[in-house]
Amino acid sequence: MLRAGFYTATPAALADEEFVVSGPATTGRAAFATHEDIADVITAVALDDGPRSEHDGAVLEITGPEALTLHEAVTRIAAATGRPYRFEPETLEEAFARRWRQGMSGEQIETWISWYQAIEKGEISLVTDVVTRLTSSPATSISDAAWWPSPNTARGTP
């Protein structure tokens, strides 16, 4: 089983039209993985020779090279893109209220907020060597990511 936490590009897609990423996650960390690293690991596993792969039955956690807070991640996205991305923390109540005012459904809000809660709880902070081990290349840092979506393009964005 291949499992990736969160994409490196996700904070950029969650930003509003003023490049602000806001949510209830201030101290938690995430090991953001690039789409390219995930694709490279999938390719390495798919091309593994033999009727039985050394990866059969394994859970491969695909991560970036370090675990970052959202503030750190968004600061690096701003530097990498040359755009004024910034992170503004919110309380859980503020996050729910703002999204409700934007017309999001309760289900969309729950899904959106759970992303921030997973970061805050450290549920996706594990850093692994899966990318390096399977591709013989180091995992890509946020600063070196090859692709950035436009702000306000995450699914469910009002």
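- Between the side chain of Glu120 and the backbone N or O of Thr27 there is at least one donor-acceptor pair closer than 3.5 Å.
- Rounding to the nearest 0.5 Å places CH2 of Trp112 at 7.0 Å from CD of Gln102.
- In this structure, a donor-acceptor pair under 3.5 Å is absent between the side chains of Asp40 and Thr135.
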Any chance you could lay out the side chain to side chain contact (heavy atoms under 4.5 Å, CB included) test for Glu107 and Ile109, step after step, and finish with the verdict? CA-CA 5 Å; Glu107 184 177 321; Ile109 294 171; over 6 Å; no

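- The minimum heavy-atom distance linking Arg29 with Ala67 is given by the pair NH1-O, 3.0 Å.
- Counting only distance, with no hydrogens or angles, the side chain of Ser114 and the backbone of Thr111 share a donor-acceptor pair below 3.5 Å.
- Pro151 places a side-chain heavy atom less than 4.5 Å from the side chain of Tyr85.
- Residues Gln117 and Glu123 fail the side-chain proximity criterion, which asks for heavy atoms closer than 4.5 Å.
- Linking Ile, Leu, Val, Met, Phe, Trp and Tyr residues whenever their side-chain heavy atoms come within less than 4.5 Å places Tyr116 and Ile142 in a single cluster.
- If you take CH2 on Trp148 and OG1 on Thr81, they are separated by 7.5 Å, rounding to the nearest 0.5 Å.
- Aromatic ring pairs are classed by plane angle as parallel below 30°, tilted from 30° to 60° and perpendicular above 60°; the pair Trp115 and Phe32 is tilted.
- Hydrophobic cluster membership differs between Val131 and Val127, with clusters built from Ile, Leu, Val, Met, Phe, Trp and Tyr side chains linked at under 4.5 angstrom.
- The closest side-chain heavy-atom distance from Thr69 to Thr26 is not below 4.5 Å.
- Rounded to the nearest 0.5 Å, atoms CG (Leu70) and CD (Glu88) are 12.5 Å apart.
- Listed for the Asp129 side chain is no donor-acceptor partner under 3.5 Å among the backbone atoms of Arg133.
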How far apart are the C-alpha atoms of Val59 and Arg3, what are their side-chain angles, what is the distance that settles it, and do they pass the side chain to side chain contact (heavy atoms under 4.5 Å, CB included) test? CA-CA 7 Å; Val59 175; Arg3 187 165 49 196; 3.3 Å; yes

Go through the steps for Leu126 and Glu61 under the test side chain to side chain contact (heavy atoms under 4.5 Å, CB included), then give the verdict. CA-CA 9 Å; Leu126 175 71; Glu61 299 279 353; 4.3 Å; yes

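- In the hydrophobic cluster analysis, where Ile, Leu, Val, Met, Phe, Trp and Tyr join through side-chain heavy atoms closer than 4.5 angstrom, Ile119 is grouped apart from Val20.
- Hydrophobic clustering (ILVMFWY, side-chain heavy atoms < 4.5 Å, transitive): Trp147 and Val21 are in distinct clusters.
- Side-chain atoms of Ser141 and Glu66 include no donor-acceptor pair closer than 3.5 Å.
- The line from CZ of Arg86 to CD of Glu18 is 6.5 Å long, rounded to the nearest 0.5 Å.
- Within a 6.0 Å radius of OH in Tyr7, other residues, nucleotides and ligands contribute 12 heavy atoms or fewer.
- In this structure the side chain of Leu60 never reaches within 4.5 angstrom of the side chain of Met1, judged on heavy atoms.
- The backbone N or O of Thr128 lies less than 3.5 Å from a partner atom in the side chain of Thr63, making a donor-acceptor pair.
- Judged as a salt bridge (Lys or Arg N to Asp or Glu O under 4.0 Å), and not counting sequence neighbours, Arg83 has no contacts.
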Checking Leu2 against Ile62 for the side chain to side chain contact (heavy atoms under 4.5 Å, CB included) test, could you report, in this order, the C-alpha distance in whole Å, the side-chain angles of both residues, the deciding distance, and whether it holds? CA-CA 7 Å; Leu2 301 171; Ile62 305 167; 4.3 Å; yes

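- Atom-to-atom distance recorded for Leu14:CG and Asn152:CG is 9.0 Å, nearest 0.5 angstrom.
- Residues Ala80 and Ser143 share a closest heavy-atom pair of CB-O, 3.8 Å.
- Arg99 places a side-chain N or O within donor-acceptor distance of the main-chain N or O of Ala95, the cut-off being under 3.5 Å.
- Around the CH2 atom of Trp100, the shell of radius 6.0 Å holds no more than 12 heavy atoms that belong to other residues, nucleotides or ligands.
- Here the CD1-CD distance, from Ile77 to Glu72, works out to 12.0 Å after rounding to the nearest 0.5 Å.
- Looking at Thr75, its side chain does come within 3.5 Å of a backbone N or O of His71 through a donor-acceptor pair.
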